[in-house]
Amino acid sequence: GETVPKGDFVIFSSYTGNPLYDGILSRSETALLDTCAAAGRLVPVEYNYKMNAIEVRKGTDRNNLYRNAALYLKADIYAVLSSYSENGDYILKLNLIPLNGRYGNLKLEKTFYSRVPENLALKAAREFALLLKGESLKSDVVKVFGNGTALINSGQWHGLEAGSYSTGAGKLKIKNLSR
């Protein structure tokens, strides 16, 4: 069978071929991925799955291609990063695009400006962290077992530990964890 990539978030950087802007994009993408790991919320799709999705999908333009690739990956939300300069400022654009209602409140279109290219990744990561801070953990029941226990698609990576939690659906007791 086909391996379904895990992850609900994918980042597409609009590389230009210019080492300066591509460096800003690369650092910014890494900073956003680090923020995901620190926040324990959005699970990024692995790089090789992302690259494969870009290769197999078609698009009328870059943004259409990114959307098609994100849909192919069954992501809930994706980001598009682009960088350029204007009036002596370096610019990073971050566009967060939800594909369904699950992360609809994370929709964002923001432009960051800096005279120092290295600062753009930090500014984007800070904004993204503030956005994720208000985000509650969303989990799906993957399998229900006969003994009344269930497997959910959240774990240590999301900051969960063994113990009791209050959820929108009532109390939940976590017994075993893995990544």
Next item on the list: Sort and list the pairs that fulfil salt bridge (Lys or Arg N to Asp or Glu O under 4.0 Å) and have at least one residue in residues 89-98, not counting sequence neighbours.
Entry: Asp89-Arg115

Checklist line | For Thr16, side-chain hydrogen bond (donor to acceptor under 3.5 Å, both in side chains) partners two or more places apart | finding: Asp22

Next item on the list: Would you mind reporting whether Leu120 and Ile91 have side-chain heavy atoms less than 4.5 Å apart?
Entry: no

Check: Counting only heavy atoms not in Tyr15, do more than 12 fall under 6.0 Å of its OH?
Finding: yes

Item checked: Residues forming a side-chain contact (heavy atoms from CB on, under 4.5 Å) with Asn105, sequence neighbours excluded -> Glu135

Item checked: Under 3.5 Å donor-acceptor, Asp8 side chain and Val43 backbone -> yes

Next item on the list: Output yes when a side-chain donor or acceptor of Asn52 lies under 3.5 Å from a complementary backbone atom of Asn48, and no otherwise.
Entry: no

Checklist line | side-chain hydrogen bond (donor to acceptor under 3.5 Å, both in side chains) partners of Lys110, counting only residues at least two apart | finding: Glu127

Notebook entry, point to check: Which residue pairs pass the ring-ring contact (aromatic ring centres under 6.0 Å, His included) test when at least one of the two sits in residues 100-119, sequence neighbours left out?
Noted result: none

Margin query: Just to verify, what does Lys133 make a side-chain contact (heavy atoms from CB on, under 4.5 Å) with, not counting sequence neighbours?
Written below: none

Margin query: Restricting to side-chain hydrogen bond (donor to acceptor under 3.5 Å, both in side chains), what partner residues turn up for Asp76, sequence neighbours left out?
Written below: Asn100

Next item on the list: With rounding to the nearest 0.5 Å, note down the distance linking OG in Ser85 to CG in Leu92.
Entry: 13.0 Å

Item checked: Validation row: Phe128, Leu96 side chains within 4.5 angstrom (heavy atoms) -> yes

Next item on the list: Could you note down all residue pairs passing salt bridge (Lys or Arg N to Asp or Glu O under 4.0 Å) where residues 53-62 supplies at least one of them, sequence neighbours left out?
Entry: none

Note to self: Side chains of Leu81 and Ser14, heavy atoms from C-beta outward: is any pair under 4.5 Å?
What the structure shows: no

Next item on the list: Could I get the full list of ring-ring contact (aromatic ring centres under 6.0 Å, His included) partners for Tyr21, not counting sequence neighbours?
Entry: none

Next item on the list: Please work out whether the ring planes of Phe12 and Tyr66 are parallel, tilted or perpendicular, with thresholds of 30° and 60°.
Entry: parallel

Margin query: My understanding is that only residues two or more places apart in sequence, or in another chain, count here; which of them pass side-chain hydrogen bond (donor to acceptor under 3.5 Å, both in side chains) with Thr149?
Written below: Asn147

Item checked: By side-chain contact (heavy atoms from CB on, under 4.5 Å) - contacts of Ala150 (at least two apart) -> Val141, Val144

Margin query: Counting only heavy atoms not in Arg126 (residues, nucleotides, ligands), do more than 12 fall under 6.0 Å from its CZ?
Written below: no

Check: Does some side-chain heavy atom of Leu108 sit less than 4.5 Å from a side-chain heavy atom of Leu94?
Finding: yes

Next item on the list: Can you run down the salt bridge (Lys or Arg N to Asp or Glu O under 4.0 Å) pairs that involve residues 23-34, sequence neighbours left out, and say none if there aren't any?
Entry: Glu29-Lys50

